[in-house]
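Structure, as structure tokens:
Predicted model, so just to flag it, every value in this text is computed and none were measured. Heavy-atom basis, side chains included; hydrogens, waters and symmetry copies ignored. Numbered from 1 within each chain, the chains take letters A, B, ... in sequence-line order.
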There are 2 protein chains.
Amino acid sequence: MIAPDPDLVRALRALANPIRLQLLSWLREPERHFPLEGAIADPAEVGVCVSHIQTKAGLAQSTVSAYLAELQRAGLVQATRVGKWTHYKRDERRIAQIVAALGRTL
Amino acid sequence: MIAPDPDLVRALRALANPIRLQLLSWLREPERHFPLEGAIADPAEVGVCVSHIQTKAGLAQSTVSAYLAELQRAGLVQATRVGKWTHYKRDERRIAQIVAALGRTL
DNA sequence: TGTTCATATCGAGGTACTCCGAAACAGCGG
DNA sequence: CCGCTGTTTCGGAGTACCTCGATATGAACA
């Protein structure tokens with residue numbers, strides 16, 4: 001009768017949106033999906049800054065920021081501030097954990 | 001720029017609810033979670049009838065019925081009518097496909 | 001045919017999600 | 001310190017989700 005892992009449910013809620021899923025997918029290969037030229041820091045190191053993601057997603061900047069914050073709360077991405085730019089990158093370890101937990105629960 | 005698989009998103013939306021996730025988890029081992037005595041048919045064959053699931057979930061009958069219908073629309077379970085009882089069972093093939101698609105997209 | 005039981009569907013109240021623009025916050029450069 | 005730029009947070013309008021009770025359907029059985 002024990003309820004399913006709340007962290008898993010939170011992650012699934014974050015994933016249950018085509019745009020958030022897309023963002024996570026783009027972040028798998030940042031150099032493939034975002035302009036290298038504009039990068040203020042190594043994408044593999046810190047990730048991609050919000051403006052690039054926003055441009056590619058085509059949604060309002062506030063919306064993209066909120067989506068990224070939700071992905072972060074769900075533990076799927078990590079944020080790093082470099083100067084005035086916030087960079088988001090996937091947390092591969094947590095993502096793998098979540099997929100494993102899904103396999104266990106599901 | 002291609003959008004993520006809509007079927008995957010629909011499945012994730014269905015999974016992004018603790019109760020629906022729980023139902024799916026219970027259905028993994030029906031004989032472990034539901035009374036054998038009341039079973040009108042082999043759980044491994046057709047699954048578990050709505051009344052048993054409803055009793056265990058403790059929600060209104062209409063709610064459980066709607067949740068099961070949503071899981072079915074998402075392709076996660078199959079329904080079989082036996083007399084006046086509708087039995088639901090996991091669609092293991094589709095579930096495996098969805099997990100694979102998630103691994104590919106994510 | 002009428003009744004009864006299992007399930008599905010409908011309608012509704014409350015809550016959460018989606019997305020926006022406006023405003024607040026935070027790092028810079030002058 | 002001021003303004004500029006990137007980002008976050010806030011307030012709101014529309015939509016979807018959660019959950020229920022009431023009602024409708026469908027299958028069995030007297």
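- As a whole-Å value, the separation of A:Q54 CD from C:dC20 C1' is 12 Å.
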Per-nucleotide protein contact along nucleotides 25-30 of chain C, 5' to 3', at a 4.0 Å heavy-atom cut-off (B base, S sugar-phosphate only, - neither), is --SS--
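- Here the side chains of A:I53 and A:F34 are in contact, with some heavy-atom distance below 4.5 Å.
- A:L59 and A:T63 get closest at one heavy-atom pair: CD1-CG2, 4.0 Å.
- Side-chain atoms of B:S65 never come within 3.5 Å of backbone atoms of B:Q61 as a donor-acceptor pair (strictly under, hydrogens ignored).
- Contact of the B:Y88 side chain with the B:V50 side chain is registered, since non-hydrogen atoms from C-beta on lie closer than 4.5 Å.
- Remark: B:R13, B:N17, B:I19, B:R20 in residues 8-21 of chain B come within less than 4.0 Å of DNA chain D through at least one heavy atom.
- Residue pairs meeting the salt bridge (charged side-chain N to carboxylate O under 4.0 Å, His left out) criterion with at least one member in residues 57-77 of chain A, sequence neighbours excluded, are A:R20-A:E70.
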Enumerate donor-acceptor pairs with a distance under 3.5 Å from any side-chain N or O in residues 93-106 of chain A to protein atoms, sequence neighbours excluded.
residue	atom	partner	partner atom	Å
A:R94	NH2	A:A74	O	3.3
A:T105	OG1	A:A101	O	3.0

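- For the pair B:D91 and B:V77, the minimum side-chain heavy-atom distance is 4.5 Å or more.
- Within residues 62-77 of chain B, the residues approached by DNA chain D to less than 4.0 Å at the level of any non-hydrogen atom are B:S62, B:T63, B:Y67, in residue-number order.
- Between B:N17 and B:Y67, some side-chain heavy-atom pair lies under the 4.5 Å cut-off.
- Closest non-hydrogen pair, A:V64 versus A:A57, comes out as CG2-CB, 4.2 Å.
- Here A:L27 contributes atom CG and A:R90 contributes atom CZ; the two are 7.5 Å apart, rounded to the nearest 0.5 Å.
- Bracketed by its first and final contacts, the part of DNA chain D lying under 4.0 Å from non-hydrogen atoms of chain B reaches from D:dC17 to D:dA28 in 5' to 3' order.
- Interface remark: the B:Q61 side chain does not form any donor-acceptor pair with the C:dA6 base, using a distance-only criterion of under 3.5 Å.
- The minimum heavy-atom distance between B:K89 and B:E45, with the atom names listed, is NZ-O, 3.0 Å.
- B:S25 places no side-chain N or O within 3.5 Å of a backbone atom of B:L21 that could act as its donor or acceptor partner.
- Distance check, rounded to the nearest 0.5 Å: CD of B:Q22 to CH2 of B:W26 gives 4.5 Å.
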